[in-house]
Amino acid sequence: MNSLEGKVSDAFLKEFNLPKEFISHEAIANAYYTYEKCESMAKLIKDRVNFDPKIAIICGSGLGDIGNLVENAVSIPYTEIPEFPRSTVLGHLGNLIFGNLSGLPVVCMQGRFHPFEGYSMSLCTLPIKIFKLLGCKMVILTNAAGGLNRVLNVGDVMLIKDHMSFPLLSLKNPLIGVNDERFGPRFVPINKLYTKSLRELFKVCSHELNIPIHEGVYGTIGGPSYETIADSRFCLTAGMDCVGMSTSHEAIVAAYCGLKVLACSIITDKAPTDYEDEEPDHKEIVKVAAAKAKDIEKLICCFLSKIKEDLSLIE
Ligand SMILES: O=P(O)(O)O[C@@H]1C[C@H](O)[C@@H](CO)O1
């Protein structure tokens with residue numbers, strides 16, 4: 001028996017007019033967190049912090065220190081938010097941090113949820129819906145990723161201009177199920193997902209700070225196993241520049257909710273493409289991300305200070 005059965009509203013099941021057994025797990029999981037439930041979670045958070053964030057930042061593996069830069073910070077551990085998922089992965093602390101960064105009100109998610117942890121796609125992206133209800137206008141997504149394109153070296157920052165996601169392409173999409181138009185539309189165009197004007201601004205910061213960056217395509221695999229050599233070669237041929245296990249589905253839900261998206265990867269390892277290559281190791285990945293986090297932190301702070309000068313960029 002699916003543990004969510006019985007918790008999903010009758011109204012939802014009536015929409016299908018079918019026995020529960022015929023409805024996909026993703027649709028049932030999606031329906032559990034109704035608009036009203038998300039609203040009450042957002043209200044609980046707002047009552048506690050009394051703060052209106054404009055920008056949400058999701059910290060990737062080993063990148064949680066971004067949260068420590070937030071000024072006048074109020075932190076809420078995920079464990080103190082009823083029905084919010086828990087972080088289970090090393091390098092993901094599990095706190096929401098509210099405060100100012102470069103003079104802008106932000107909420108920083110120190111720790112994300114990944115489908116390989118056992119969370120449904122809709123649960124992995126629940127925080128995005130809550131950020132929308134808290135009044136955020138954009139999300140900045142960060143992650144640790146393995147470089148496929150050989151121009152990418154360990155420690156490099158890659159601005160994401162597009163993504164390719166095996167889970168999303170194979171009907172593991174957080175938007176599956178009955179749509180609630182209050183969040184967003186049924187069909188979502190995503191060919192302009194990673195907002196060009198914001199990427200251009202990020203590149204200006206790269207020049208000003210003299211932190212070179214690449215721009216490329218992020219690929220999402222399901223994980224938690226890394227790639228075989230054949231997988232990596234296929235991903236590279238298909239057009240992925242780096243590979244990870246997150247981000248793409250979060251970006252889609254952000255676009256669905258009408259939020260602008262900026263995303264970047266820290267290249268923590270070279271995804272193996274030859275049989276002699278080293279094996280990726282998550283502890284090492286977290287260590288490299290944490291050691292190289294300063295560049296991403298500086299870029300994000302510069303980017304935010306430019307957004308502050310022209311808030312119309314995220315309206
Ligand atoms: O949360 P991110 O995408 O940064 O985490 C990456 C992908 C896997 O969760 C993990 C693999 O080492 O790091």
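Predicted model, so just to flag it, every value in this text is computed and none were measured.
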Counting only heavy atoms not in [X], do more than 12 sit closer than 6.0 Å to its [atom1] atom?
| X | atom1 | answer |
| --- | --- | --- |
| K306 | NZ | yes |
| K37 | NZ | yes |
| N72 | CG | no |
| Y35 | OH | yes |
| K292 | NZ | no |

For a side chain to side chain donor-acceptor pair (under 3.5 Å) with R112, tell me which candidate from H92, E117, E250 qualifies.
E250
In a check of side chain to side chain donor-acceptor pair (under 3.5 Å) between K270 and each of D277, N153, N149, which one passes?
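Going through the options one by one, the only one that passes is N153.
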Going by distance alone, is a donor N or O of one side chain under 3.5 Å from an acceptor N or O of the other, for [X] and [Y]?
| X | Y | result |
| --- | --- | --- |
| N143 | T247 | yes |
| S165 | S248 | no |
| E83 | Y32 | yes |

Show your working on side chain to side chain contact (heavy atoms under 4.5 Å, CB included) between K137 and E315 and close with a plain yes or no.
CA-CA 7 Å; K137 302 287 183 202; E315 291 304 332; 3.7 Å; yes
Mind running side chain to side chain contact (heavy atoms under 4.5 Å, CB included) on F98 and I45 for me, showing each step along the way?
CA-CA 10 Å; F98 293 82; I45 292 169; 3.4 Å; yes
Do we get K129 above F183's six-membered ring, with its NZ or CZ under 6.0 Å from the centre and within 45° of the axis?
yes
Evaluate E208 against K298 for salt bridge (Lys or Arg N to Asp or Glu O under 4.0 Å), listing each step before the verdict.
CA-CA 11 Å; E208 282 183 13; K298 284 186 199 154; over 6 Å; no
Stepwise side chain to side chain contact (heavy atoms under 4.5 Å, CB included) test for T220 and H163
CA-CA 8 Å; T220 302; H163 76 230; 5.6 Å; no
Heavy-atom pair with the smallest gap, counting every atom of G94 and S87:
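Taking every non-hydrogen atom into account, CA-OG, 3.6 Å.
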N-O pairing of K283 and D281 below 4.0 Å
no
Nearest 0.5 Å please: distance from the CG atom of L96 over to the CZ atom of R48.
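The CG atom of L96 sits 10.0 Å away from the CZ atom of R48.
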